[in-house]
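For reference, the structure discussed in these notes is given below.
Each residue takes its place number in the sequence, starting with 1.
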Amino acid sequence: MIEKIPMFNFLNDDEISRLKDISTIKKYKKGEFLFMEGDEPKWLIFLLTGSVRLYKNNAKGKEIFLHQLSPMNFVAELANFENIAYPANAVFTTSSEVLKIDYVKFYNEFLTKPKMAIAIIKSLSQKLKITSDVLHQELVLNSEARVAKFILNHEDLFNELKHAKIASILNITPETFSRILNKFKTQGIIKLTEGNIISTKNKQSLINIMDG
């Protein structure tokens with residue numbers, strides 16, 4: 001499995017073997033936590049299959065959605081590199097499988113390799129973009145634009161999650177979410193089946209709503 005991960009495909013056979021020695025692959029069920037805010041990051045974690053949701057709770061206990069991670073991505077690796085506790089919670093939204101690498105050994109034996117360092121930098125750059133997107137959603141986008149963006153980017157999740165959960169992710173009320181969906185449906189932008197399975201009939205209209 002490790003040799004199939006693009007980030008590690010430049011390693012030779014001995015290095016792959018050593019990476020396997022300091023790693024473990026673990027399966028998780030939907031709803032299980034990968035880590036909680038404040039936990040110590042002992043492992044460098046790579047999501048192999050499934051999906052994991054990152055979120056925080058504000059002072060009032062309200063959940064603030066940060067990001068939904070797809071496979072073949074590191075999870076919260078900045079906590080490892082900065083040697084800080086995890087700044088958020090991570091929960092699996094589907095059955096998943098992760099590669100957990102002993103971070104101290106990885107740091108000492110692999111981060112000295114230029115190609116590996118560049119791969120890590122690229123991963124961190126992607127996380128900076130994620131942070132920028134979250135700030136843009138919370139500070140710039142109105143409710144309709146948030147819903148349009150979620151449908152465009154996460155149509156598969158829309159068909160998996162309950163509407164109340166999606167509303168919570170978008171930081172809007174369930175009533176507002178339902179009203180917006182009905183509006184999009186009436187305008188012929190989306191189609192909803194009886195089981196609330198969505199299909200986008202007019203993606204350009206969603207893009208226009210998202211872009212204001």
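You'll find the side chain of I16 stays beyond 4.5 Å of the side chain of D13, heavy atoms only. Within the 4.5 Å cutoff, the side chain of L34 has no heavy atoms near those of the V91 side chain. Using a 4.5 Å heavy-atom cutoff, the side chains of I5 and L99 are in contact. V147 is listed as a side-chain neighbour of L181, based on a closest heavy-atom distance under 4.5 Å. In this structure, I180 and F184 have side chains that are in contact, with non-hydrogen atoms separated by less than 4.5 Å. Side-chain contact between I172 and S143 is present, with heavy atoms from C-beta onward closer than 4.5 Å. Residues L206 and F150 have side chains not in contact (no heavy-atom distance under 4.5 Å, counting atoms from C-beta outward). The closest side-chain heavy-atom distance from W43 to T24 is below 4.5 Å.
Sequence neighbours left out, the pairs with a member in residues 15-36 that pass ring pair (Phe, Tyr, Trp, His ring centres under 6.0 Å) are Y28-F92, F35-Y86. Annotation: salt bridge (charged side-chain N to carboxylate O under 4.0 Å, His left out) contacts involving residues 90-102, sequence neighbours excluded, are absent.
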Task: Criterion salt bridge (charged side-chain N to carboxylate O under 4.0 Å, His left out) on R53 and E63, from CA distance to verdict - done: CA-CA 12 Å; R53 177 168 55 88; E63 185 177 304; 2.4 Å; yes
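In terms of hydrophobic clustering, with Ile, Leu, Val, Met, Phe, Trp and Tyr side chains grouped at heavy-atom distances under 4.5 Å, I22 and L48 are assigned to a common cluster. Hydrophobic clustering (side-chain heavy atoms under 4.5 Å, transitive across Ile, Leu, Val, Met, Phe, Trp, Tyr) groups L152 together with I209. Taken together through direct or relayed side-chain contacts under 4.5 Å among Ile, Leu, Val, Met, Phe, Trp and Tyr, V104 and F46 form parts of separate hydrophobic clusters. Cluster annotation: L54 is not connected to I84 through the hydrophobic network of ILVMFWY side chains, with a link wherever side-chain heavy atoms come within less than 4.5 Å. Note on L111: it clusters hydrophobically with L11, by side-chain heavy-atom contacts below 4.5 Å among ILVMFWY residues.
Below 30°, between 30° and 60°, or above 60°: for Y103 and Y107 the angle between ring planes is between 30° and 60°, a tilted geometry.
At least one donor-acceptor pair under 3.5 Å links the side chain of E15 to the backbone N or O of N12. Judged purely by atom type and a 3.5 angstrom limit, N73 uses its side chain to pair as donor or acceptor with the backbone of S70. Remark: side-chain polar atoms of K56 are not paired, donor with acceptor, to backbone N or O of N89 under 3.5 angstrom. A side-chain donor-acceptor contact under 3.5 Å links D39 to the backbone of M36.
Nearest heavy-atom pair across P41 and A79 is CG-O, 3.7 Å. Heavy atoms only, all atoms of each residue included: E109 and K113 are closest at O-CE, 3.9 Å. The nearest pair of heavy atoms linking A85 to G38 is CB-O, 3.5 Å. The heavy-atom pair separating T49 from L47 by the smallest distance is O-CD1, 3.3 Å.
Put simply, OH on Y55 and CG on N57 are 5.5 Å apart, with the number rounded to the nearest 0.5 Å. Here I2 contributes atom CD1 and S17 contributes atom OG; the two are 9.5 Å apart, rounded to the nearest 0.5 Å. Taken to the nearest 0.5 Å, the CZ atom of R179 stands 10.5 Å off from the CD atom of E175. Atom NE2 in H163 sits 7.0 Å away from atom OG in S178 (nearest 0.5 Å). Atom OG of S96 sits about 12.5 Å away from atom NZ of K26, to the nearest 0.5 Å. Atom CG of N80 and atom CD1 of I101 lie 9.5 Å apart (nearest 0.5 Å).
Applying the 6.0 Å contact sphere to CG of N83 captures no more than 12 heavy atoms from other residues, nucleotides or ligands.
Side-chain atoms of T93 and S51 form a donor-acceptor pair, as typed in the model, at a separation below 3.5 Å.
Taking the six-membered ring for Trp, F74 and F81 have ring centres at least 6.0 Å apart.
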